[in-house]
Asker: 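This is the structure, below, for whatever I ask next.
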Amino acid sequence: MSTSGASRSDDYESVLSGSSKDVASFERKRSWLENVQHLLHSHPSLVPLIVLAASIIIFGLYLGSRFMSAFALTLILQQVAIVGIVGAAQSLVILIAGIELSVGAIMVLSSVVMGQMAMNVGLPAPVAILIGFGVGALCGTINGFLVAWVKLPPFIVTLGTWQIFLATNFLYSANETIRSQAIEQEAPLLQFFGESIHLGGAVLTFGVIAMVLLVLGLAYALNNTAWGRHVYAVGDDADAAELSGVQVKRTILSVYILAGVICAFAGWVLIGRLGSVSPTSGQFTNIESITAVVIGGISLFGGRGSILGMLFGALIVGVFNLGLRIVGTDPQWTYMLIGFLIIGAVAVDQWIRRASA
Amino acid sequence: MSTSGASRSDDYESVLSGSSKDVASFERKRSWLENVQHLLHSHPSLVPLIVLAASIIIFGLYLGSRFMSAFALTLILQQVAIVGIVGAAQSLVILIAGIELSVGAIMVLSSVVMGQMAMNVGLPAPVAILIGFGVGALCGTINGFLVAWVKLPPFIVTLGTWQIFLATNFLYSANETIRSQAIEQEAPLLQFFGESIHLGGAVLTFGVIAMVLLVLGLAYALNNTAWGRHVYAVGDDADAAELSGVQVKRTILSVYILAGVICAFAGWVLIGRLGSVSPTSGQFTNIESITAVVIGGISLFGGRGSILGMLFGALIVGVFNLGLRIVGTDPQWTYMLIGFLIIGAVAVDQWIRRASA
Amino acid sequence: QDKTTACLVTKTDTNPFFVKMKEGAQQKAEELGIELQSYAGRIDGDNQSQVQAIESCIAAGASGILITPSDTKAIVDSVQKARDAGLLVIALDTPLDPVDAADATFATDNFVAGQLIGQWAKAKLGDEAENAKIAMLDLSEAQPTVDVLRDQGFLSGFGIDTVNENVIGDEEDSRVVCNDVTDGNEEGGRRAMENCLQKDPGINVVYTINEPAAAGAYEALKSVGKESDVLIVSVDGGCPGVKNIEDGVIGATSQQYPLLMASKGIEAIAAYAKDGTKPETTEGKNFTDTGVNLVTNEPVDGVESIDVSEGTDRCWG
Amino acid sequence: MSDNVILSARNLVKRYGRVIAMDNTNFELRRGEVLAVIGDNGAGKSTLIKALSGAVTPDEGEIVLDGKPVHFSSPQDARDHGIETVYQNLALSPALSIADNMFMGREIRKGGVMGTLFRALDKKKMEQVAREKLNDLGLMTIQNINQAVETLSGGQRQGVAVARAAAFGSKVIILDEPTAALGVKESRKVLELIQDVRARGVPIVLISHNMPHVFEVADRIHVHRLGKRLCVIDPKQHSMSDAVAYMTGAKVPEETMAA
Amino acid sequence: MSDNVILSARNLVKRYGRVIAMDNTNFELRRGEVLAVIGDNGAGKSTLIKALSGAVTPDEGEIVLDGKPVHFSSPQDARDHGIETVYQNLALSPALSIADNMFMGREIRKGGVMGTLFRALDKKKMEQVAREKLNDLGLMTIQNINQAVETLSGGQRQGVAVARAAAFGSKVIILDEPTAALGVKESRKVLELIQDVRARGVPIVLISHNMPHVFEVADRIHVHRLGKRLCVIDPKQHSMSDAVAYMTGAKVPEETMAA
Ligand SMILES: Nc1ncnc2c1ncn2[C@@H]1O[C@H](COP(=O)(O)OP(=O)(O)OP(=O)(O)O)[C@@H](O)[C@H]1O
Ligand SMILES: Nc1ncnc2c1ncn2[C@@H]1O[C@H](COP(=O)(O)OP(=O)(O)OP(=O)(O)O)[C@@H](O)[C@H]1O
Ligand SMILES: [Mg+2]
Ligand SMILES: [Mg+2]
């Protein structure tokens with residue numbers, strides 16, 4: 001009764017040796033539109049770049065040199081520096097399929113701590129700044145721990161910690177603003193990122209330069225280090241990443257901590273921009289950074305998109321903000337337009353995705 | 001060469017007739033904790049109910065009759081009426097694995113339209129109210145269409161429409177508040193839900209009664225109609241629902257439209273509560289309603305949870321708000337506490353989920 | 001019952017102005033042995049939270065409420081409820097609409113506050129006022145009442161037709177070259193100033209809704225080296241603001257007295273709780289004016305002002 | 001001949017971006033038969049049956065049911081025409097009960113005012129019918145019909161899906177790899193079920209990679225290759241080797257055996 | 001005897017809530033052999049191999065690799081010990097390239113400053129190695145090693161997963177139902193691959209419901225039932241019927257064939 005499996009199955013599988021070796025290929029002629037779709041698909045940050053260029057050109061034609069000058073264009077950079085830096089943190093978190101609602105709160109809390117440590121406690125500025133970074137890292141750790149270990153949804157974790165960090169900020173600072181002039185005298189290092197380089201009409205603050213370097217550095221890390229590949233893998237499919245050898249929890253934690261540190265850095269840059277330390281800043285930074293990320297084409301489901309796209313997304317919003325203000329429309333029209341922009345950007349993105357490679 | 005498949009496979013499958021008919025049962029004695037876990041698992045709205053009861057008792061013991069009176073307790077109901085109604089809309093959307101950031105904007109826009117139509121355009125109050133409901137339905141339709149047909153992520157759609165609806169609201173109303181006295185004279189129907197019934201010390205406004213009836217009605221619809229079952233199925237797994245015969249797009253659209261209509265209804269109740277029509281109301285209603293839903297134990301991933309839980313969640317926040325204020329703490333402590341509450345609620349929920357039925 | 005309870009309801013609890021107001025009330029309350037409960041909206045314009053706050057005060061059995069209304073019209077019904085329940089309601093800082101909806105109002109006249117800096121700016125510029133280029137940095141797109149009063153007060157003080165006195169930004173005078181919103185903080189102040197400069201680099205007068213916005217605007221001007229060519233005026237008179245006048249950041253500011261408002265308010269509630277007396281209004285006005293002073297180191301003819309050292313003595317925060 | 005055909009399709013085309021999943025394929029199911037569909041991975045079998053069951057809308061081509069051309073805009077549409085399908089990925093809602101799942105999209109409402117005005121479901125009746133259907137098929141011993149599907153084992157879930165199809169499929173039942181994830185015992189149950197259903201006169205389309213199973217139950221075998229039907233063979237006249245050779249391209253069928 | 005055993009486990013227990021997925025089970029894999037694991041759906045096979053590969057941490061019991069007790073805290077941990085696994089649900093990251101996937105968790109860094117300080121990946125090298133490994137195994141013709149995995153067919157994906165395991169598994173390779181979703185041709189390729197790997201001396205654990213396949217390649221068969229090992233049988237001395245009878249509980253093995 002014992003039949004050898006091998007011989008049994010061979011009776012129909014033996015013919016396989018003759019089977020066709022062709023690789024099935026379904027290529028067909030592509031229409032012009034499909035070619036565009038394909039190009040955009042392979043370079044996801046191209047869409048926001050094109051939108052950015054188009055909007056600069058349109059505003060430039062309409063407004064002339066009031067808009068189309070080195071000064072005005074670098075002004076936009078200055079205006080988006082904070083959102084760009086926080087957006088970098090937000091991008092990392094969204095790439096691992098998370099979301100960070102507490103970014104603004106971490107930023108302000110860190111900047112307040114830096115200010116208080118330097119001005120009221122009287123620590124040397126570098127130490128005060130380090131402590132500020134420590135606060136950012138701690139906030140990030142709390143978020144990361146709750147997401148990775150307790151396995152709570154990131155939206156809820158950061159919704160909760162947003163309120164907690166913000167309340168801490170107000171209670172700790174007693175709502176007191178530290179004046180620019182006082183900081184200038186006692187701890188000018190805090191205002192470091194407000195310094196600027198002038199090149200012709202262009203004004204590049206150190207904050208702007210820091211933002212660009214940060215984004216480039218992160219783009220490098222995401223594409224060329226193992227950590228970066230792991231970030232994408234975790235965002236793509238966390239279970240698959242875990243099984244194929246990624247330390248998922250650690251990767252998630254590292255991303256939230258890094259995001260916290262970047263937010264603290266944004267807090268420092270914020271002091272440079274405002275001159276002063278103001279606990280009421282940054283109330284909408286979370287929405288603004290998410291908007292930049294979304295317009296920049298990073299998928300809210302994680303694992304897809306480029307951090308450069310986020311930068312372009314932030315700049316698009318900046319261009320519209322300044323352009324529409326110079327045109328002189330009611331600020332409400334700007335909000336409405338940004339609303340349309342968000343939906344439009346994602347609709348285009350969705351259309352491109354449909355081009356299956 | 002032709003072998004009959006049947007006889008071939010029988011050679012090892014024939015023994016199956018003798019195979020064990022036992023249903024594998026892995027039951028083991030459960031610990032006390034596991035029993036609790038199981039009980040809570042089968043009645044998901046029990047957790048927020050227990051938390052609610054506990055917090056009422058604690059505040060009652062501490063504050064005595066200032067808190068533990070029919071008047072104070074029904075006051076909490078009045079204070080959560082708006083969040084409760086909008087929370088019902090939010091619950092529906094979250095049950096289908098969506099999220100609705102534009103609820104507050106729809107509510108205010110609808111109430112402004114009702115007010116403008118009745119007072120400035122001079123339409124009869126019932127017609128004005130109907131137009132307000134129409135606006136709510138239209139907003140819901142836009143959201144639902146973008147989510148179901150264009151297939152954009154709900155977070156982004158409603159992030160965009162939030163800004164659009166809110167800007168429309170400010171532009172349309174020109175930021176003008178319509179005064180209570182004027183409404184009282186010309187269109188008292190708008191203030192209908194501000195009327196109240198007094199029972200001893202208890203004060204039940206029609207708005208409170210409407211909220212309770214609405215939540216009960218929706219709970220009935222979700223559990224006892226085909227539409228309700230479809231809502232759960234779509235939230236659970238939209239693809240599976242589609243393949244098993246649910247009209248997924250229509251269900252999603254119906255939910256967003258219904259949510260829009262409920263928000264318009266909230267706008268009407270809001271007029272009753274404030275007496276006046278104020279275009280600046282409701283800026284935080286989206287966060288507040290999501291908070292109520294989350295504390296109430298509805299899963300942000302959709303398909304799981306009970307709308308009654310949302311009501312308890314809203315009441316918990318209401319109890320803390322009133323209780324802490326009577327105790328006299330700084331409002332920031334309340335925000336912090338609500339932050340902890342959010343995270344705590346979901347952590348407990350997660351723990352219960354781990355009890356696999 | 002045991003202790004008298006008073007409530008303070010502010011627009012927000014993050015703006016230093018209201019924080020100081022709360023401190024003033026707290027101090028006075030301790031002094032008089034009154035229990036104080038404080039409430040606040042989440043943002044300026046958050047009317048709903050204030051409605052809740054009033055209800056909570058009624059429930060808590062308070063004797064009186066001090067409120068800085070976010071929406072001066074919309075809150076009236078709730079205030080009436082509180083008064084019907086036997087509470088004394090005093091509007092602080094911002095009068096209700098209508099004013100007599102509250103039992104009393106202890107306020108700065110925000111319109112006058114705006115007017116003072118408008119007049120000062122006009123006088124300071126002299127003949128150049130005809131060619132002034134003015135940027136108006138307002139509070140928020142929702143245009144809450146203070147925002148409107150100060151903005152329109154400034155314009156009328158400067159001699160510009162405000163058209164509709166209830167609406168910001170409908171002026172036709174070509175001297176107003178820019179309107180933008182700041183959310184009343186440094187961040188918004190800087191951005192709005194940058195935007196306005198881009199719109200018209202020749203701006204030489206900047207009206208700001210409050211001093212944090214002024215500080216932000218100053219940073220923007222400083223970054224393009226225009227800080228000394230532009231006149232910044234503001235409203236509030238907080239200590240950092242007065243220091244900024246000393247440092248030449250702000251030209252003039254209208255100083256208000258939130259601590260005074262708050263402590264007077266608490267006193268009034270204490271008196272009311274004791275024997276039911278209600279406060280009297282300032283003669284000739286339908287509210288109790290807690291006064292407003294123009295603080296500047298460069299006084300001009302025809303506009304009364306105090307100098308920085310006096311301003312510092314009386315500043316809050 | 002056409003009278004004998006219950007469901008047929010002509011020249012169906014479906015493109016996904018640059019992939020052509022169906023390339024002018026034909027299909028024909030006769031009354032009362034078990035038709036097996038075999039083919040390599042990615043040959044387009046699932047796409048074909050999704051087109052037949054309304055889950056995808058073909059770009060071109062026509063489908064004829066019972067002699068009448070039909071256009072299915074959704075799976076529910078096909079279901080209303082009596083075509084029941086068990087998809088490769090199951091399509092049950094994990095958090096809902098077995099009864100809810102069985103009646104998804106065709107819930108029974110109560111009579112009277114409750115049913116018409118309040119649209120109340122007749123839960124009792126649905127549970128009772130669901131239990132009957134499962135018992136009728138003798139497929140498995142499920143204690144609690146209100147159990148959530150996610151608490152069932154893979155085999156039990158597959159059972160529920162097959163039972164649902166068998167219970168409601170009045171004209172055609174389509175099964176896409178129903179036994180791929182199943183153990184020996186569970187697979188056997190499904191094959192028995194297929195034979196039961198055929199005995200009731202309802203035709204079945206069975207997609208499977210398991211040649212012995214295919215040759216055991218199929219009346220005819222539709223061989224799919226590179227997006228289209230290559231040929232239809234009779235399992236009594238062809239060996240498994242032939243079938244495998246055709247579907248993998250090792251051998252080309254001599255004549256087109258269309259009928 | 002123990003010298004002959006490369007991987008073994010004793011009294012493993014794993015509970016999921018109220019379900020006991022492993023109930024004091026034992027396991028033993030010898031050097032150079034193909035050990036098949038068979039059992040009903042839900043018997044606990046996948047849980048067992050997940051415990052052996054670090055994907056789940058058993059509640060009780062010990063695992064011994066090469067004579068030394070080991071504790072795997074993550075799949076990477078097991079991988080570092082030379083145990084490679086192809087999971088039932090594949091575990092590839094769809095949006096990443098084939099090369100990225102093959103080196104996930106064991107990326108190669110560049111030499112010099114770029115590698116140590118900037119931690120730059122040596123993409124060239126990884127691509128080259130990946131291509132070699134795929135070619136070595138002659139498994140398939142993939143044109144572009146930088147293609148995203150989501151653009152591959154199911155069969156190709158399975159091939160990448162198996163190739164990854166075969167390429168890096170130095171001590172043990174575990175395959176959980178590698179052919180369940182595969183067609184006849186693709187399944188055959190995987191079976192050939194298993195034989196190649198065994199020829200290289202690396203032992204394999206194969207979970208499968210396909211009895212002919214199991215009897216074709218297995219040296220020993222571990223029968224799993226109700227969360228524990230029922231017996232181990234020799235395919236040359238037992239028929240498929242016996243195996244099926246044991247695993248379904250139709251027959252009870254006479255003596256415990258532990259060794
Ligand atoms: N939704 C989709 N988007 C893009 N391509 C798809 C989609 N569905 C199927 N395809 C492609 O269409 C082709 C046919 O797929 P289909 O699932 O019909 O094959 P199949 O014969 O069922 O294969 P299997 O035996 O593996 O189930 C494949 O190349 C597949 O990648
Ligand atoms: N993550 C989990 N949570 C809860 N229960 C689980 C989990 N994983 C497995 N189980 C349960 O443990 C038991 C064993 O599952 P396992 O996947 O090991 O079976 P298997 O033998 O691999 O079955 P199959 O042949 O269907 O793959 C099943 O009852 C299953 O429902
Ligand atoms: Mg298929
Ligand atoms: Mg398994």
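Each chain gets a letter, A, B and so on, in the order the sequences are listed, and its residues count up from 1.
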Asker: Restricting to non-hydrogen atoms, name the atom on D:Ala95 and the atom on B:Gly303 that form the minimum distance, rounded to 0.1 Å.
Answerer: CB-O, 4.4 Å
Asker: So, for D:Leu121 and B:Ala226, which heavy atoms are closest and what is the spacing to 0.1 Å?
Answerer: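 Minimum heavy-atom contact is CD2-N, 3.6 Å.
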Asker: Can you tell me if D:Arg198 has over 12 outside heavy atoms packed within less than 6.0 Å of its CZ?
Answerer: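 Enclosed.
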Asker: When rounded to the nearest 0.5 angstrom, what distance separates OG in B:Ser244 from CE in D:Met102?
Answerer: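 Between atom OG of B:Ser244 and atom CE of D:Met102 there are 12.0 Å.
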Asker: Can you say whether D:Glu107 sits under 4.5 Å from chain B via the side chain, the backbone, both, or neither, judging by heavy atoms?
Answerer: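 For D:Glu107, the contact with chain B is made by the side chain alone.
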Asker: In Å, rounded to the nearest 0.5 Å, how long is the span from NZ of D:Lys123 to CG of B:Asn224?
Answerer: 4.5 Å
Asker: What are the two closest non-hydrogen atoms of B:His230 and D:Gly105, and how far apart are they?
Answerer: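 What the structure gives for the nearest pair is NE2-N, 3.5 Å.
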Asker: As an exercise, state the distance from NZ of D:Lys110 to OG1 of B:Thr225, rounded to the nearest 0.5 Å.
Answerer: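 Separation between the atoms: 12.0 Å.
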Asker: Provide the closest heavy-atom pair for D:Met104 versus B:Arg229 in the form atom of the first, atom of the second, distance.
Answerer: CE-O, 4.3 Å
Asker: Just wondering, are more than 12 heavy atoms of other shown residues or ligands nearer than 6.0 Å to CZ in D:Arg109?
Answerer: yes
Asker: Measuring from atom CD of D:Glu150 to atom CG of B:Asp236, what distance do you get when rounded to the nearest 0.5 angstrom?
Answerer: 7.0 Å
Asker: With a 4.5 angstrom heavy-atom cut-off, is it the side chain or the backbone of D:Arg79 that approaches chain B, or both, or neither?
Answerer: side chain
